[in-house]
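By convention here, the first residue in the shown sequence is residue 1.
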Amino acid sequence: MKVFGIVGWKNSGKTTLVEKLVAEISSRGYSVSTIKHAHHTFDVDHPGKDSHRHRVAGAHEVLLTSAVRWALMHEMRGAPEPKLAELLTHIAPVDLVLVEGFKTDSIPKLEVRANPNKQETQPETISGVIALATTGTIADAKIPVMDLNDVAAIADLVLSTSGLAARHR
């Protein structure tokens, strides 16, 4: 599987771009999955529901399934947060995995900037950023700057960087 990252700070437009890229790249015939890193506690089930009750009771994993979808919840129970490489082993094989977050992982990345005039990352801590996406211009940029609204061009960059552009679907 090929992996490409979308990074940026809160409210920079990362999730909106990932959503548009999934639609664009999927429409070109590629299979796409996503991994989203959250910096906060989150929950995918609701108090009182059976799956929530199983988890709260101490289940290590809870797999919830229906005719429409299934979801696996894994409780960390104090264990360290898994690295991206480990998480990728849990994803069914696809052509491309778009990763939102994981700024320090060694994968090619596009940085999304809500404000083109504000440097939002610390370049020395963010490796692999190959281009910036914003709604304006960045005069002193040392890497390509792309129009955040040109999803087709960004998809082209993602596919070519990932080695998928040469494939004909």
Is a side-chain donor or acceptor of [X] paired with a backbone partner of [Y] at a separation under 3.5 angstrom?
X	Y	answer
Ser66	Val68	yes
Lys109	Phe4	no
Asp147	Asn149	yes

At their closest point, which heavy atom of [X] faces which heavy atom of [Y], and how far apart are they?
X	Y	value
Val145	Gly136	CG1-O, 4.2 Å
Ser12	Leu148	O-CD2, 4.4 Å
Ser127	Asp105	OG-O, 3.9 Å
Val112	Gly13	CG1-C, 4.0 Å
Met1	Val97	SD-CG2, 3.9 Å
Arg55	Met73	NE-SD, 4.3 Å

Side chain to side chain donor-acceptor pair (under 3.5 Å) partners of Ser51, counting only residues at least two apart:
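Ser51: side chain to side chain donor-acceptor pair (under 3.5 Å) contacts with Asp45.
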
What about [X] and [Y], same hydrophobic cluster or not, with Ile/Leu/Val/Met/Phe/Trp/Tyr joined at side-chain heavy-atom distances under 4.5 Å?
X	Y	value
Ile35	Tyr30	no
Ile130	Leu96	yes
Val22	Leu157	yes
Val18	Leu88	no

Applying the side-chain contact (heavy atoms from CB on, under 4.5 Å) criterion to Val32, which one of Leu98, Val94, Asp95 satisfies it?
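So, applying the side-chain contact (heavy atoms from CB on, under 4.5 Å) to Val32 and each of Leu98, Val94, Asp95, only Leu98 qualifies.
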
Min side-chain heavy-atom separation [X]-[Y] under 4.5 Å:
X	Y	result
Ile138	Leu132	yes
Val7	Phe102	no
Ile6	Val99	no
His52	Val56	yes
Met76	Pro82	yes
Leu159	Thr161	no

Hey, what do you get for [atom1] ([X]) to [atom2] ([Y]), rounding to the nearest 0.5 Å?
X	Y	atom1	atom2	answer
Thr15	Lys36	OG1	NZ	5.0 Å
Ile25	Ser162	CD1	OG	7.5 Å
Ile154	Leu17	CD1	CG	5.0 Å

Apply side-chain contact (heavy atoms from CB on, under 4.5 Å) to His60 and His74, showing your working.
CA-CA 6 Å; His60 181 66; His74 179 95; 2.9 Å; yes

Between Glu100 and Thr34, is there a side-chain donor-acceptor contact under 3.5 Å, judged purely by atom types and distance?
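There is no such pair (donor and acceptor under 3.5 Å, judged by atom type) between the side chains of Thr34 and Glu100.
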
Under 3.5 Å, is there a donor on one side chain and an acceptor on the other for Glu81 and His37?
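Yes, His37 and Glu81 have a side-chain donor paired with an acceptor closer than 3.5 Å.
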
Supply the members, apart from Leu72, of the Ile/Leu/Val/Met/Phe/Trp/Tyr cluster built from side-chain contacts under 4.5 Å; use none for a lone residue.
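Leu72 shares its hydrophobic cluster with Leu63, Trp70.
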
More than 12 heavy atoms from other groups under 6.0 Å of NE2 on His46
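No, the 6.0 Å shell around NE2 holds no more than 12 heavy atoms from other groups.
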
For atom CZ of Arg77, is the number of surrounding heavy atoms from other residues, nucleotides or ligands below 6.0 Å larger than 12?
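More than 12 heavy atoms, drawn from other residues, nucleotides or ligands, come within 6.0 Å of this atom.
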
Test salt bridge (charged side-chain N to carboxylate O under 4.0 Å, His left out) applied to Glu111 and Arg113, step by step
CA-CA 6 Å; Glu111 179 186 332; Arg113 287 191 187 174; 2.8 Å; yes

Identify whether the distance between the nearest side-chain nitrogen and carboxylate oxygen of Glu24 and Arg28 falls below 4.0 Å.
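Arg28 and Glu24: salt-bridged.
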
